[in-house]
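Because the structure is predicted, anything quoted here is derived from the model rather than measured.
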Amino acid sequence: MTEISEQLLKSVLNAAEEKKANDVVALNLQGISLIADYFVICHGNSDTQVMSIANEIKKNAELIGKRVRLEGMDTARWVLVDMGDVVAHVFHRDEREYYHLERLWSDAKAVEIV
């Protein structure tokens with residue numbers, strides 16, 4: 001894990017925790033996918049909470065100099081926060097159960113950040 005990626009990942013996890021995201025999972029995709037090095041997957045229990053989590057992740061990433069692209073804020077059912085090396089998937093609870101990304105990326109190892 002590069003120092004920049006580690007800093008960004010910690011920033012994303014802190015933002016999710018700050019906004020009370022549920023069931024936060026970080027997956028290491030290095031050597032598995034070219035999309036990103038890490039996926040962070042979490043969910044909120046309302047549209048408002050989903051938007052709040054995504055905005056906090058964006059704000060924290062921008063504070064450390066990362067460019068951020070948001071997709072899905074109009075419906076707040078599945079918001080993708082693309083920061084290059086790290087991509088966060090912020091779901092509404094119902095959508096997370098339906099798409100179950102953890103199952104799709106089951107080859108990836110969960111990341112333990114202390």
Side-chain angles (χ1 to χ4, degrees):
M1 181 182 308
T2 69
E3 190 173 324
I4 302 286
S5 291
E6 184 175 336
Q7 182 182 13
L8 180 57
L9 183 59
K10 285 181 181 179
S11 167
V12 169
L13 295 172
N14 288 338
E17 183 180 327
E18 174 72 24
K19 294 301 178 177
K20 310 285 190 246
N22 295 288
D23 297 327
V24 180
V25 175
L27 299 176
N28 183 339
L29 299 177
Q30 294 178 57
I32 296 172
S33 174
L34 299 176
I35 297 170
D37 290 340
Y38 301 96
F39 272 1
V40 174
I41 304 167
C42 63
H43 73 267
N45 293 317
S46 68
D47 296 357
T48 304
Q49 186 183 19
V50 168
M51 287 189 283
S52 179
I53 295 165
N55 281 323
E56 188 73 9
I57 290 171
K58 179 180 186 284
K59 182 184 86 173
N60 280 13
E62 288 175 341
L63 284 174
I64 60 173
K66 292 303 282 185
R67 270 185 41 196
V68 180
R69 239 186 56 205
L70 289 175
E71 296 287 334
M73 288 292 277
D74 52 336
T75 60
R77 304 302 289 179
W78 177 358
V79 179
L80 183 81
V81 187
D82 185 350
M83 299 154 281
D85 296 341
V86 179
V87 175
H89 298 269
V90 185
F91 287 97
H92 190 283
R93 178 186 57 243
D94 300 335
E95 264 52 44
R96 183 171 186 180
E97 291 171 11
Y98 179 78
Y99 289 104
H100 199 31
L101 285 186
E102 295 94 325
R103 184 183 65 236
L104 292 174
W105 293 99
S106 62
D107 291 350
K109 301 255 187 286
V111 177
E112 295 288 328
I113 298 289
V114 183

Open item on the list: Please report the interatomic distance CD(E56) to OG(S11), rounded to the nearest 0.5 Å.
Closed with: 9.0 Å
Open item on the list: How close do A76 and H92 get, counting heavy atoms only, and between which atoms?
Closed with: O-CB, 4.0 Å
- [ ] Name all residues meeting the side chain to side chain donor-acceptor pair (under 3.5 Å) criterion together with N14; count only those two or more places apart in sequence or in a different chain, and write none if there are none.
- [x] none
Open item on the list: Applying side chain to side chain contact (heavy atoms under 4.5 Å, CB included), can you list everything that pairs with S33, at least two apart in sequence or on another chain?
Closed with: L29, I35, W105
Task: Contact list for residues 15-35, test ring pair (Phe, Tyr, Trp, His ring centres under 6.0 Å), sequence neighbours left out - done: none
TODO: Report the C-alpha distance between Q7 and I64 in whole Å, list the side-chain angles of each, state the deciding distance to 0.1 Å, and finish with yes or no for side-chain contact (heavy atoms from CB on, under 4.5 Å).
DONE: CA-CA 8 Å; Q7 182 182 13; I64 60 173; 3.5 Å; yes
Task: side chain to side chain donor-acceptor pair (under 3.5 Å) against K58, all qualifying residues, sequence neighbours excluded - done: E62
Open item on the list: Does L34, at its CG atom, have more than 12 non-hydrogen atoms belonging to other residues, nucleotides or ligands within less than 6.0 Å?
Closed with: no
Task: Partner set under side chain to side chain contact (heavy atoms under 4.5 Å, CB included) for A61, not counting sequence neighbours - done: L8, K66, V68, M83
Task: Of all pairs that satisfy salt bridge (charged side-chain N to carboxylate O under 4.0 Å, His left out), the ones with a partner from residues 72-81, not counting sequence neighbours - done: D47-R77, R77-D94, R77-E95
- [ ] Check side chain to side chain contact (heavy atoms under 4.5 Å, CB included) between V24 and all other residues, then give those that pass, not counting sequence neighbours.
- [x] L13, A16, A21, V40, C42
Open item on the list: Per the ring pair (Phe, Tyr, Trp, His ring centres under 6.0 Å) rule, what does the pair list look like for residues 48-81, sequence neighbours excluded?
Closed with: W78-H89, W78-F91, W78-Y99
Task: Those residues that, when tested against R69, pass salt bridge (charged side-chain N to carboxylate O under 4.0 Å, His left out) (two or more places apart) - done: E71
Task: Rounded distance (nearest 0.5 Å) linking atom CG of D37 with atom CG of N28 - done: 7.5 Å
Task: Heavy-atom pair of closest approach, residues A36 and D85 - done: CB-O, 3.6 Å
TODO: Scan residues 17-28 for pairs that pass salt bridge (charged side-chain N to carboxylate O under 4.0 Å, His left out), counting only residues two or more places apart or in two chains.
DONE: none
Open item on the list: Pair I57, V90 - check side-chain contact (heavy atoms from CB on, under 4.5 Å), show working.
Closed with: CA-CA 10 Å; I57 290 171; V90 185; 3.9 Å; yes
TODO: Check whether any side-chain heavy atom of M51 sits under 4.5 Å from a side-chain heavy atom of V79, and report yes or no.
DONE: no
Open item on the list: Run the side chain to side chain contact (heavy atoms under 4.5 Å, CB included) test against N22 and tell me which residues pass, sequence neighbours left out.
Closed with: H43, N45, Q49
- [ ] Check the pair V87 / L80 against side-chain contact (heavy atoms from CB on, under 4.5 Å), numbers first and verdict last.
- [x] CA-CA 7 Å; V87 175; L80 183 81; 3.3 Å; yes
Open item on the list: How long is the straight-line distance from CG of L9 back to OH of Y38, given to the nearest 0.5 Å?
Closed with: 6.5 Å
TODO: Please say which of V50, L70, N60 ends up in a side chain to side chain contact (heavy atoms under 4.5 Å, CB included) with N55.
DONE: L70
